[in-house]
S.K.: 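Pasting a structure here, questions to come.
So that the names make sense, note that chain A is the first sequence line, chain B the second, and so on, each numbered from 1. Computed from heavy atoms alone, side chains included, the values below leave out hydrogens, waters and symmetry copies. Remember, it's a predicted structure, so these values are computed and weren't measured experimentally.
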Number of protein chains: 2
Amino acid sequence: MCLTDKELSPVDYEHTCMIRGDGGRALRRILDQICNKWTLLVVATLDQGTLRFTDLHHQIPGISQRMLTLTLRNLERDGLITRTVHAEVPPRVEYALTATGKSLIPPALSLAKWAITHAPGIEAAREAHTQKN
Amino acid sequence: MCLTDKELSPVDYEHTCMIRGDGGRALRRILDQICNKWTLLVVATLDQGTLRFTDLHHQIPGISQRMLTLTLRNLERDGLITRTVHAEVPPRVEYALTATGKSLIPPALSLAKWAITHAPGIEAAREAHTQKN
DNA sequence: CAGGATCCCGTTAGATACTG
DNA sequence: CAGTATCTAACGGGATCCTG
């Protein structure tokens, strides 16, 4: 793919093709799943180790029970976390990252670093721009 | 922040705090802006260099004029791209990444690599899971 | 405790038509 | 060429109430 591109340095070539791929469809399928409001936060929180539903609910301020449930179900379906139900009363359900889930931490971290580094500049640009109008 | 956490290895400590931060709010403000359907793709495409509106429209299959316009306006507002209008007939408008915009490529690339690497496994887990129901 | 079921609303984004 | 305007459907996500 991208073999007909010309006048690109090798590094640009690699960049462009890696992200754009088949028009970006394959990438977007995964990214749409990861980049919603809560997924990255849940994964990051589970980086601590095994946690129960209520633990997660307390450690992620602002999330509703509904969204926590949905997010956990999706992560389980995609094989990023495990869900273990203990046959007790009251019930106890524990969530933990799988190997795939853990492998998401470093890339997520690099994005987080970028966001935190550039947040002030972006906010400034945003305000300067809205001032003009 | 996170200074009261205990029994975390230094690396886990760093991971958790970087991403979770103030409950993830600062991170999400930026991420919400980056992780929509088209932004990353537009930035990646502009990594080639300066491009015109129509060039982008052709190189990003599936994007509508409307969404391309909106995405470009947001990127310009946040200082990630420049928009140069040439006073000609017919009009010519050129878009290019700023330094901030270029700095987004490496983190985006690391996420892209993760997505591409784990896409097969995720798809498989997803199908295996839906088979069960 | 760990959700499931509903209702409701704002935002996102696609389609289409029009313009300086 | 490079947009703008308008309408609409779809989806994400919050609030609330209920349950094994």
S.K.: Rounded to whole angstrom units, what separation is found between the CD atom of Q65(A) and the P atom of dT6(C)?
M.R.: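 These atoms are roughly 17 Å apart.
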
S.K.: Distance check needed: dC1(D) P versus L51(B) CG, whole Å only.
M.R.: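 Atom CG in L51(B) sits about 15 Å away from atom P in dC1(D).
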
S.K.: Picking from dC1(C), dG14(C), dA2(D), which would you name as closest to the side chain of R92(B)?
M.R.: dA2(D)

S.K.: Round to a whole Å and report the spacing from CG of D32(A) to P of dT11(C).
M.R.: 20 Å

S.K.: Checking N74(B) now: which residues fulfil side-chain contact (heavy atoms from CB on, under 4.5 Å) with it, not counting sequence neighbours?
M.R.: Q33(B), R77(B)

S.K.: Determine the contact category for R66(B): base if any of its heavy atoms lies under 4.0 Å from a base atom, sugar-phosphate if only primed atoms, P, OP1 or OP2 are that close, otherwise nothing.
M.R.: base

S.K.: Provide, to the nearest angstrom, the distance between the NE2 atom belonging to H58(B) and the C1' atom belonging to dC1(D).
M.R.: 11 Å

S.K.: Check whether any side-chain N or O of Y95(A) sits under 4.0 Å from OP1 or OP2 of dG3(C), and answer yes or no.
M.R.: yes

S.K.: Report the distance from atom CG of N36(B) to atom P of dC11(D), rounded to the nearest whole Å.
M.R.: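 N36(B) atom CG is separated from dC11(D) atom P by 17 Å.
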
S.K.: Does R83(A) put a side-chain nitrogen or oxygen below 4.0 Å from OP1 or OP2 of dA2(C)?
M.R.: no

S.K.: Rounding to an integer number of Å, can you tell me how far D55(B) CG sits from dA2(D) C1'?
M.R.: 12 Å

S.K.: Between P90(B) and K37(A), which residue's closest nucleotide on DNA chain D lies nearer the 5′ terminus?
M.R.: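 The residue mapped nearer the 5' terminus is P90(B).
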
S.K.: NE2 of H86(B) versus C1' of dG20(C): gap in Å, rounded?
M.R.: 18 Å

